[in-house]
Amino acid sequence: MFYSLYFLTCLTANPAHCVARIHTFSEDVWTPQQCLTVAQPRMAQWQQTHDRWRVEKFRCGKRPSDEGARI
């Protein structure tokens, strides 16, 4: 199973308004190490195009069996 990037973003103007996001990589990412290697550049790229949002935290992982699982 492939790894994905899970990250929590919050509005800069309203830090209480946060959204959990999932990024599925276009390349094959099979291990946590591979995920971390490509995750930071992807988050930086996302941040540049979404300047009203701030990345609060992130993790690499497989899709949780419980869709309500926390980041």
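Here the structure is a predicted model, which is why all the values come from computation and not from measurement. Just so you know, these numbers use all the heavy atoms, side chains as well, and skip hydrogens, waters and symmetry mates.
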query: What is the minimum heavy-atom distance between His50 and Trp46, and which atoms define it?
result: ND1-O, 2.8 Å
- request: Identify, with sequence neighbours excluded, every residue that meets side-chain contact (heavy atoms from CB on, under 4.5 Å) alongside His17.
  value: Leu11, Asn14, Val19, Trp53
message: Side chains of Met43 and Phe58, heavy atoms from C-beta outward: is any pair under 4.5 Å?
response: yes
Pairing residues for Thr31 by the side-chain contact (heavy atoms from CB on, under 4.5 Å) criterion, not counting sequence neighbours: Gln33, Gln34
message: Checking Gln47 now: which residues fulfil side-chain hydrogen bond (donor to acceptor under 3.5 Å, both in side chains) with it, not counting sequence neighbours?
response: none
Pairs touching residues 24-54 that satisfy disulfide bond (SG atoms under 2.5 Å apart), sequence neighbours left out: Cys35-Cys60
- prompt: Could you give the distance from NE2 (His23) to CZ (Phe7), rounded to the nearest 0.5 Å?
  reply: 8.0 Å
- prompt: Going by heavy atoms in the side chains, are Val29 and Val38 under 4.5 Å from each other?
  reply: yes
- request: May I have all residue pairs that pass salt bridge (charged side-chain N to carboxylate O under 4.0 Å, His left out) and include part of residues 33-55, sequence neighbours excluded?
  value: Glu27-Arg42, Arg54-Glu56
- prompt: Is the centre of the Tyr3 ring less than 6.0 Å from the centre of the Trp30 ring?
  reply: no
- line: Value for SG (Cys10) from NZ (Lys57), rounded to nearest 0.5 Å, stands at 9.0 Å
message: Measuring only between side-chain heavy atoms, which start at C-beta, is Thr24 closer than 4.5 Å to Phe2?
response: no
